[in-house]
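Below: one structure, written as C-alpha cells.
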Amino acid sequence: MTAATGPTASSDDTRVAVGPVRAENHAPGEAVGIGEERPRLSWAVLAPPRWRQQDYEVELRRGDDVEVHGPFADTDSLYRPWPGRPLLPRERAVVRVRVRGVDGGFSPWSGPEPVERGLAAADWVAVPVGSPADEDPDSDRRPALVRRDFTVRAEVVAARVYVTSHGLHELEVNGYRVGTDVLSPGWSPYATRLRYLTHDVTDLLVPGANAIGGLLGDGWYRGRLGFRGGHRNLYGTDLSLIAQLEIEYADGERDVVATDAAWRAAPSPIVVSGLYDGETYDARDERPGWSRSGFDDAGWLPVALGHRDPATLAAPDGPPVRCTEECAPVTLERRAPDRLVVDMGRNLAGRFAVRATGGAGDVLRIRHAEVLQDGELYTRPLRTARATDVYVFAGGPATWEPRFTYHGFRYAEVTAPPGVLDTLELRAHVLHSDMDRTGTFACSDPDVTTLHDNVVRSMQGNFVDVPTDCPQRDERLGWTGDIQVFAPTATFLYETTGMLSSWLRDLAIEQLDDGTVPWFVPVVPTGERWTPPRPGAAWGDAGVLTPWDVFHASGDSEILRRQWDSARRWVDLVADRAGPDRLWTGDFQLGDWLDPAAPPDDPFAATTDPDLVASAYLARSAGRLAEIATVLGREDDATGYRALAREVRAAVRDRYLSPEGRLAQESQTGYALVVAFGLTDDPVQLATAGRRLRALVEEAGHRIATGFVGTPLVTAALTATGSLDTAYRLLGQTECPSWLYPVTRGATTVWERWDSLCPDGTVNPGEMTSFNHYALGAVAHWLHTTVAGIEAAAPGWRAVRFAPRPGGGLSWARAEHRSPYGRVAVAWRIEEGTLSVTTVVPTGSTARLELPDGTVVELGPGQATHTCPAA
Ligand code: BGC
C-alpha cells in the first residue's frame, strides 16, 4: 500500500457510513467509458445528527497499485477534485472514500466504485460500416445487419466494446445482446457530437472462435423527422455501425476487433423502421445464428465503409434510454375474430413485447393511440405518425419486440389471424432515459396526488434521451420552452444532471452565431417560423435558466462554466434586439402559448401581450446570468448583467405598469410575471399586482387562464402576495380548464391542452392535441415547494428550505427528495387544530423551517418534528 499523501489512520468511526461514490454525474456502477480524465467525486454521508465532515481520504486502486490520497481538509462532499494522476484512456480505477468528523476517527471505507475512462479520439480505429447496396435515399430502405468472426487467442482478462452508429444500433456478441440500452446512441447534433457507449463484454467471449454483429435502424439519423411530413436523411444516407472491441489478455497483449473492411453485411429482417411510423419485421428473413461463430456469411457482401471524424465521438454524460418497467394490459377486448383492442390503463412511451404463435407469412399488426373515440383508436392527434408495428411470422412460436421505434400510447389495436390472436401475450415496455428517481409527493387529496403521478409519467414519456414535447405524434422534438418551464420540477423528480447537461451542450452547439437559441434542440429543418431559428422569449431562455436550474439542483458549477458563453450570448442578443429602451418588442413570439382563451387553431392568440412576456424574460435571464457570473467569479459580468436586469425591470414598469401597479392590458400571466419575476419591488405596485391577480383568478371562476408562461408562475405569485387560498382554489378546480379537469376525465399523463379531451368527450380539434406533454405539469414545483414545502435553498441542497403552506382543505402532505447529500423529507399533518411538521435533513446539509405562523427554526441533520396552530 502506498500512501500518496499524508498518513493513514485506521477506520474506526462505525457510526458513519459513506454512500455510493459518484464520478461526475454518472450513476454509481455506470462510470464505465466516461469522457473525463479527472472525474470529480461526490458522496453522501450517513452519520449521527451532530457529526460534521472535517476531512476525507480517497483510495484509488489501479490494478495492483493502491494509492491513498488525503486527508483533504474539506467539509464538502460534492464534486471533489480527482486526487491522483489523470486516468489514461481505457484506464480503470476502483475508488473508495472515507471521511472523518470533527470528533472521532475515520469512517469505514465506502463501497468500491469502478471508474473507467473511454477512448480518446486518437484511439479510434473503427470506421463506419454498413450495407453496400445501392439505395434510393428517398424511399423506405431496409436496414442491414453487419457482422464478422474473430478469434480469441488466449485467456481474456477484460474485454470492452466501444460502440456507436449512424442510425440506431443493437449489438450482439456470440448470439447474446450486448447491454440493456435502447435507441442508442440517442439523439444529438451528430455532425458535431456523436455519443458512444462502452460495454464490458468480458463474460461474453470464449477462447477460440467468436462473432460480433450489429443490427441497424434509421432512428433520428436518416429516418423521417419533423412535422409537416418531415425530412429524411437529415444527418446522412448511410446506416453504419462503429464498433471497437478491445480484448486484453492475461499476458498483457491486446487484440482489437474494429468495424472495418473485413465486416460483411446483409439485409436485416427489419423491413422498415421509423421512430414515428413504427417497425416492420419479417421473421422469414431471419438469419439464425448470424451473430454467432460458424455462421456461413459467404452470401453476405463486404461492407461499405463510411466516414466519421473520431474527434466528434463523445462519451455520454448521462444514462442511456432503457426499458424501466414492463406492464400488462388492463383489458384486452376481442372485437372480431382477427382484431382486438388493448387498454394499458395508462398512457406511456414505449412499445410492445409480443409472444404468439403463427403460421409462416401470418401478419400481426399493432396500431397505437393515446385515446379512443367511439370505442375505437383515435389517431388524428398523431398527425402523420403511422405508429404501427408489424410482425410477419416465419411459422411457429415467436417472441418479438420492435427495436428502433417507440410510441406514445395507452391503447392499441392488434390485428392478426384468429389462431394467432388466440395465443397472443402482450407486455408494454416503458422506455425513457434511465435516470434515478429522486422525488416523490403525495397529499390527502387523491386527485392532487394523481395529478402529481401524471406529471411523473409525462416526464418519463418525454425524457427519451432528449427532453421532448411529446412522445406520440410526428414531432418529439427537444422544444426549449417546454423544458425551460419544467426543469425545476424535473430536477426534483429525477436525477437529471447528466441527461440535461448533455442536452445543454447540444443547445450550445445548435445556437446560431448571433446567439439565437433554437426553438428545439437538436434542430431539424421544418421551415415556416421555426427554421432557420429566430429568437423567441421563454424558449430561448432555456439557454440561461435551465443550466441554472440544473446547477441549483445538483451543485455542479461546471455546467455553468461550460454553458457560460452560450448563456451570455443569448442575453446579449436579446439586449441588442431590445435596444436602448430596454424593451424587447416587435419580434415574432410564442408568448403565453396555449392560453386557454386562444382558439384551437390559433394557439398564438394569448391574452397576454407577447412583448410583455419577452421583456419580462429578458429581465429574468439577465438577472440569472448575473448570478451565474457570481458563481463563476466573473465580478464585472455580474455587475453588468445585474444592471441590465435592473434597467429592463424599470423599463417594463414604465411601459406596462401604472404607478399603482395595474397593467394596462390585464391578464393573469401578466401579473404572475410581475410578481414571480420580481419586476417591481415597490410595495404599492406589488400589492396591487397581487390583488388584481387574485381578482382575475376569482373572476375566471378559479379556472385556468394561463398558458406555458403563466401556468408555472400563477400559484407561486398568488402565494407570494398573500392569496394562498386563491392558489388552492385554482389547484382544486375540476372544471375545464384546470389542472384537475383531466384527472376527473381519467387522465394518466399531463395533456398539452387544458382541453385535449373536451368536456363533451370529443378530442380537441386543434392540430396539436397531445395527451402527454409535461409543460403544464410545471405546477408540480409548487406542490413540492409550497404544498409540501420542500426546496433547495443552496445549490445541491447544501441548504434546505422547508416552508409548508397547508390549505385547500388538505389534512396532510409529504414530499421527499434524494438530494446529493442524502434524503431530504417533509411530512405535515393537521390534527385537532395543530399542524405538525416532520422534517429530515441529511448529513452535510442545514435547513430552515418556516412555519405558517411565522416561526422560523434552524435545523441541522436528522429528523425533527415541530408544531404550530393550524390556521
Ligand atoms: C410543441 C410544443 C412547443 C410548441 C411551440 C408544439 O408543437 O408540441 O410543446 O413548445 O409547439 O410552438
Side-chain angles (χ1 to χ4, degrees), residues 225-230 275-276 347 349 370 380-385 408 455 458-459 461-464 466-487 489-490 503 507 510 516-543 545-546 587-596 598-606 608 610 613-614 617 669 706-712 742 749-756 763-779:
L225 212 52
F227 40 88
R228 306 236 190 295
L275 288 167
Y276 298 158
N347 207 11
E370 292 190 298
R380 189 190 55 83
L382 307 183
R383 301 195 301 221
T384 69
V455 173
S458 279
M459 173 166 176
N462 284 297
F463 271 59
V464 181
V466 161
T468 61
D469 56 334
C470 59
Q472 72 299 86
R473 65 178 178 231
D474 53 1
E475 199 158 342
R476 314 183 198 183
L477 303 179
W479 283 93
T480 46
D482 301 44
I483 187 62
Q484 187 273 114
V485 300
F486 191 68
T489 301
W503 179 78
L507 180 145
E510 297 282 40
T516 300
V517 171
W519 300 105
F520 35 77
V521 170
V523 174
V524 304
T526 57
E528 281 182 279
R529 36 179 89 87
W530 316 114
T531 55
R534 16 176 164 166
W539 274 253
D541 292 284
L545 305 179
T546 307
D587 274 345
F588 167 76
Q589 299 288 353
L590 295 181
D592 195 21
W593 179 251
L594 285 178
D595 161 349
D601 57 350
D602 190 8
F604 299 90
T608 307
V613 173
Y617 260 100
T669 293
T706 49
F708 268 37
V709 165
T711 300
T749 40
V750 176
W751 299 347
E752 176 173 28
R753 292 173 180 271
W754 297 108
D755 56 350
S756 281
V763 174
N764 188 301
E767 196 214 343
M768 305 163 331
T769 304
S770 143
F771 289 83
N772 203 351
H773 248 67
Y774 52 54
L776 300 179
V779 67

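Whatever order the structure lists them in is the order used to number ligands and atoms, beginning at 1.
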Worksheet item: Hey, are the side chains of P471 and V464 touching, using non-hydrogen atoms and a 4.5 Å cut-off?
Response: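 In short, these two side chains do not touch, never coming nearer than 4.5 Å.
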Worksheet item: Is the shortest heavy-atom distance from the side chain of N772 to the side chain of E370 under 4.5 Å?
Response: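 Yes. Closest side-chain heavy atoms under 4.5 Å.
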Can you pull out the closest protein heavy atom to [atom]? Residue, atom name and distance to 0.1 Å, please.
atom                   : value
atom 7 (O) of ligand 1 : E475 OE2, 2.6 Å
atom 4 (C) of ligand 1 : W593 NE1, 3.4 Å
atom 3 (C) of ligand 1 : W479 CD2, 3.3 Å

Discussion item. Closer than 4.0 angstrom, basic N to acidic O: yes or no for R228 and E767?
Written reply: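 Yes.
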Please work out whether any backbone atom (N, CA, C, O) or any side-chain heavy atom from C-beta onward of [X] is under 4.0 Å from ligand 1, and answer side chain, backbone, both or neither.
X    : result
W519 : neither
R473 : side chain
W530 : side chain
F227 : neither
L477 : neither

Worksheet item: Is the ring centre of W479 less than 6.0 Å from the ring centre of W530?
Response: yes
Worksheet item: Does the ring center of W519 lie less than 6.0 Å from the ring center of F227?
Response: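 Ring centres of F227 and W519 not closer than 6.0 Å.
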Discussion item. Regarding atom 10 (O) of ligand 1: of the candidates I483, L776, D482, which has the closest heavy atom?
Written reply: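 Heavy atom nearest to atom 10 (O) of ligand 1 belongs to D482.
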Just which atoms of ligand 1 are under 4.0 Å from any heavy atom in [X]?
X    : value
F708 : 9 (O), 10 (O)
M768 : 6 (C), 7 (O)
E752 : 8 (O)
H773 : 1 (C), 2 (C), 8 (O), 9 (O)

Worksheet item: Is a side-chain N or O of D592 found less than 3.5 angstrom from the main chain of T706, in a donor-acceptor match?
Response: no
If every non-hydrogen atom of [X] is compared with every non-hydrogen atom of [Y], which pair is closest and at what distance?
X    : Y    : result
R534 : F588 : NH1-CB, 3.3 Å
W754 : P742 : O-CG, 4.4 Å
A598 : A606 : CB-N, 4.5 Å

Worksheet item: So, does W539 sit close enough to ligand 1 that a heavy atom of it is under 4.0 Å from the ligand?
Response: yes
